[in-house]
Amino acid sequence: METKSNKRRLKEWFSAEELHEESKKWFSELKFARDEQKFLNTMVKDYTLDIIDSDMFKSVQPLVQSLNQSEKDLVDLFKRVQLHENQLQIMVDDINQEKMEAAYLDTHNDLSMDVSDYFIRYRHTKNLMFDIISKVIKHRKQKRLLN
C-alpha cells in the first residue's frame, strides 16, 4: 500500500511551543511504534513454525518485508525529527530571519506529512500482521484439539 499525500503548504505561523509540542508528540508516537515493531518481530519469530505449517508463509513474507521497511523508515524519521527539533532555535532566537523561519516551517510541514504517511502505512501493515498471527494462533489451537 503506497500513500502519497499532497504537499500542502501551510503558511500558518506556529509558536515555538506548538512546534516543540508537535515534535515531542512525534517522538512519543515513533517510540511507541518502535516498541510495537519489536513485539511484532518477536511474534513472527515465535510463530514461524506455525506460520510455515499453516501454509501462510507466502502471505506473511511480504508483510515481514514491509515491517522491515517500516523499521528503516522509522530510524530515518527519528533522525529527521531530532534534527528538526535541534533547529527550533531558529524560531526562538529573537533574530528576524524570515527566509530561515519560513524554511523551518516548510520543513515542519513536510515532516508532519511524512510522519502521517508513515503511520498510515505502518498501521496497515500492523493490522494485517495481527490478523495473520491471530489466524495462526487459532490454527495452532485447532491442531492441538485434534491431537
With rounding to the nearest 0.5 Å, note down the distance linking [atom1] in [X] to [atom2] in [Y].
| X | Y | atom1 | atom2 | answer |
| --- | --- | --- | --- | --- |
| Trp26 | Lys31 | CH2 | NZ | 15.0 Å |
| Asn86 | His84 | CG | NE2 | 10.5 Å |
| Ser70 | Leu40 | OG | CG | 9.5 Å |
| His108 | Asp110 | NE2 | CG | 10.5 Å |
| Asp114 | Tyr118 | CG | OH | 12.5 Å |
| Phe119 | Glu29 | CZ | CD | 5.0 Å |

Apply side-chain contact (heavy atoms from CB on, under 4.5 Å) to Arg121 and Asp117, showing your working.
CA-CA 6 Å; Arg121 290 188 312 273; Asp117 289 347; 3.6 Å; yes
Under a single-linkage definition using a 4.5 Å side-chain heavy-atom cutoff for Ile, Leu, Val, Met, Phe, Trp and Tyr, are [X] and [Y] assigned to the same hydrophobic cluster?
| X | Y | value |
| --- | --- | --- |
| Met129 | Phe39 | yes |
| Val115 | Val75 | no |
| Tyr104 | Leu83 | no |

Would you find a donor on one side and an acceptor on the other, under 3.5 Å apart, between the side chain of [X] and the backbone of [Y]?
| X | Y | answer |
| --- | --- | --- |
| Ser23 | Leu19 | yes |
| Glu18 | Ser15 | yes |
| Asn109 | Leu105 | no |
| Thr107 | Ala103 | yes |

For the pair Leu74 and Phe78, evaluate side-chain contact (heavy atoms from CB on, under 4.5 Å) and give the outcome as yes or no after the intermediate values.
CA-CA 6 Å; Leu74 181 74; Phe78 261 121; 3.9 Å; yes
Hey, can you pull the donor-acceptor pairs under 3.5 Å for the side chains in residues 60-69, sequence neighbours left out?
| from | atom 1 | to | atom 2 | distance (Å) |
| --- | --- | --- | --- | --- |
| Ser66 | OG | Thr125 | OG1 | 2.9 |
| Asn68 | ND2 | Val64 | O | 3.4 |
| Gln69 | NE2 | Asp73 | OD1 | 2.9 |

Could you walk me through whether Glu22 and Lys25 pass the salt bridge (Lys or Arg N to Asp or Glu O under 4.0 Å) test, one step at a time?
CA-CA 5 Å; Glu22 190 166 21; Lys25 179 182 162 211; 5.8 Å; no
Using distance only, find each side-chain donor-acceptor pair of residues 132-141 under 3.5 Å and give its atom names and separation, not counting sequence neighbours.
| from | atom 1 | to | atom 2 | distance (Å) |
| --- | --- | --- | --- | --- |
| Ser134 | OG | Phe130 | O | 2.9 |
| Arg140 | NE | Asp50 | OD2 | 3.0 |
| Arg140 | NH2 | Asp50 | OD2 | 3.2 |

Could you verify whether a donor N or O on one side chain and an acceptor N or O on the other, from Gln37 and Tyr122, lie under 3.5 Å apart?
no
